[in-house]
Amino acid sequence: MFARRCARLVTSRTSVPLTSYLARVRPYSSGPSYEHILTSTPKPGVGLITLNRPKALNALCSPLFTELNDALGKYDQDKDIGAIIITGSEKAFAAGADIKEMAPLTFAAAYNDNFIAPWSHLANTIRKPVIAAVSGYALGGGCELAMMCDIMYCTANATFGQPEIKLGTIPGAGGSQRLTRAIGKSKAMELILTGKNFSGKQAGEWGLAAEVVDGGKEELLEVALKTAETIAGYSRVAVVAGKEVVNKSQELSLREGVEYERRLFHGLFGSQDQKIGMTAFAEKKKPEWSHE
């Protein structure tokens, strides 16, 4: 169907040429076999998704997003998973969208099929926290995918950008909206209208990334795993509610947002985990969450 097919990978422990950081997940479980991604649980409660189109620098295509959405949905429904990480390779998180897939499209085809709408499944549907661990290139759709995640970590020499203007188009998966909310109108306007790239160091300085990690991919993943494991160690009910109220802050006025937050805060008094957490605190014990 597409001009460039992705090489099929078999995720058995004996046949996949894993990098050293993925080799460390072997004591835990590996996920189902996909063509364009790898999945695993490197830490208890943590689901890891690795984009894996090495010959195309992890360029994003519709088949990849079909698999990504499937993996995200499975982790979101898995009661043993509390947080999810999306990462790529040392060289590229995702170098952009697959231009060979998009180039032949007409307006009617793109509009009637709602092209790339499924690419926003992560932002619109997944309730558990998702962390982006970005090394190398994160351009166009790759930058947009990273911004859809709830927390972003990156290496200092990561390369971000929305270069769609150079192709005669504009961002189509939320880049103009999320980048503007994160770094402000003037800087986002400059980047989108010039197609300039920016570094991981700048992403941290501008508040787009939560932390810029010194070192390479292994150090980056260690930081992401530590945060994911911490989040996974808390009440699933409270974590989902915490993600929900922060996201609502991007859509509501301050007064509406505070009122929304208060309603969820009140609602958590109906959960078992609120009772477990506060009782454990009073008794100076470690809470054993029921996730209910």
Cluster overlap [X] with [Y], hydrophobic side-chain contacts below 4.5 Å:
{"X": "Leu191", "Y": "Met148", "answer": "yes"}
{"X": "Phe115", "Y": "Phe65", "answer": "yes"}
{"X": "Ile131", "Y": "Val239", "answer": "yes"}
{"X": "Ile151", "Y": "Tyr234", "answer": "yes"}
{"X": "Leu208", "Y": "Leu122", "answer": "yes"}

Salt bridge or not for Arg255 and Glu259, using N-O below 4.0 Å?
yes
Quick test of your reading of the model: are Glu244 and Lys248 salt-bridged, counting only N-O distances below 4.0 Å?
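Not counted as a salt bridge, because no side-chain N and carboxylate O are separated by less than 4.0 Å.
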Contact check, side chains of [X] and [Y], non-hydrogen atoms, under 4.5 Å:
{"X": "Ile126", "Y": "Tyr75", "value": "no"}
{"X": "Ile192", "Y": "Ile165", "value": "no"}
{"X": "Tyr34", "Y": "Leu64", "value": "no"}

Any donor and acceptor pair, going by atom type alone, linking the side chain of [X] with main-chain N or O of [Y] inside 3.5 Å?
{"X": "Asp273", "Y": "Trp289", "value": "no"}
{"X": "Ser249", "Y": "Val246", "value": "yes"}
{"X": "Thr106", "Y": "Ala109", "value": "yes"}
{"X": "Lys43", "Y": "Ala228", "value": "no"}
{"X": "Glu67", "Y": "Glu35", "value": "yes"}
{"X": "Arg53", "Y": "His36", "value": "no"}
{"X": "Asn58", "Y": "Ala92", "value": "yes"}
{"X": "Glu90", "Y": "Lys217", "value": "yes"}
{"X": "Lys128", "Y": "Asp78", "value": "yes"}
{"X": "Asp150", "Y": "Lys243", "value": "no"}

[X] versus [Y], closest heavy-atom pair with distance:
{"X": "Ala156", "Y": "Ser199", "answer": "O-CB, 4.0 Å"}
{"X": "Gly215", "Y": "Thr155", "answer": "O-CG2, 3.8 Å"}
{"X": "Ile276", "Y": "Pro287", "answer": "CG2-CB, 4.1 Å"}
{"X": "Leu60", "Y": "Gly142", "answer": "CD1-N, 3.6 Å"}
{"X": "Gly47", "Y": "Thr41", "answer": "CA-CG2, 4.4 Å"}
{"X": "Asp214", "Y": "Glu219", "answer": "O-CB, 3.7 Å"}

Working to the nearest 0.5 Å, report the span between [atom1] of [X] and [atom2] of [Y].
{"X": "Ile86", "Y": "Met152", "atom1": "CD1", "atom2": "CE", "value": "11.0 Å"}
{"X": "Gln162", "Y": "Leu139", "atom1": "CD", "atom2": "CG", "value": "8.5 Å"}
{"X": "Ile116", "Y": "Cys61", "atom1": "CD1", "atom2": "SG", "value": "13.0 Å"}
{"X": "His291", "Y": "Asp80", "atom1": "NE2", "atom2": "CG", "value": "8.5 Å"}
{"X": "Ile84", "Y": "Cys149", "atom1": "CD1", "atom2": "SG", "value": "9.5 Å"}
{"X": "Asp76", "Y": "Asn69", "atom1": "CG", "atom2": "CG", "value": "11.5 Å"}

Return yes if a side-chain donor-acceptor contact under 3.5 Å exists between Gln274 and Ser271, otherwise no.
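On atom types as modelled, these side chains do not qualify, holding no pair under 3.5 Å.
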Is the number of heavy atoms from other residues, nucleotides or ligands under 6.0 Å of [X] [atom1] greater than 12?
{"X": "Lys196", "atom1": "NZ", "value": "no"}
{"X": "Tyr260", "atom1": "OH", "value": "yes"}
{"X": "Glu288", "atom1": "CD", "value": "no"}

Tell me the side-chain hydrogen bond (donor to acceptor under 3.5 Å, both in side chains) pairs involving residues 130-149, sequence neighbours left out?
none
Is there a side-chain contact (heavy atoms from CB on, under 4.5 Å) between Ser62 and Trp119 once you walk through the steps?
CA-CA 8 Å; Ser62 294; Trp119 293 25; 4.1 Å; yes
Got a list of side-chain donor-acceptor pairs under 3.5 Å for residues 169-182, not counting sequence neighbours?
from	atom 1	to	atom 2	distance (Å)
Arg178	NH1	Ala173	O	3.4
Thr180	OG1	Ser176	O	2.6

Give the ring-plane orientation class for Phe265 versus Phe269, where under 30° counts as parallel, over 60° as perpendicular and anything between as tilted.
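If you compare the ring of Phe265 with that of Phe269, the planes turn out perpendicular.
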Exactly one of Ile99, Leu105, Asp98 clears side chain to side chain contact (heavy atoms under 4.5 Å, CB included) with Glu101, and that residue is Asp98
Got a sec, which pairs hit ring-ring contact (aromatic ring centres under 6.0 Å, His included) with one end in residues 188-224, sequence neighbours left out?
Phe160-Phe198, Phe198-Trp206
Worked verdict on Leu68 versus Leu145 for side-chain contact (heavy atoms from CB on, under 4.5 Å)
CA-CA 11 Å; Leu68 177 61; Leu145 176 60; 4.1 Å; yes
Carefully, step by step, assess Lys226 and Glu229 under the rule salt bridge (charged side-chain N to carboxylate O under 4.0 Å, His left out).
CA-CA 5 Å; Lys226 183 177 180 180; Glu229 191 174 18; over 6 Å; no
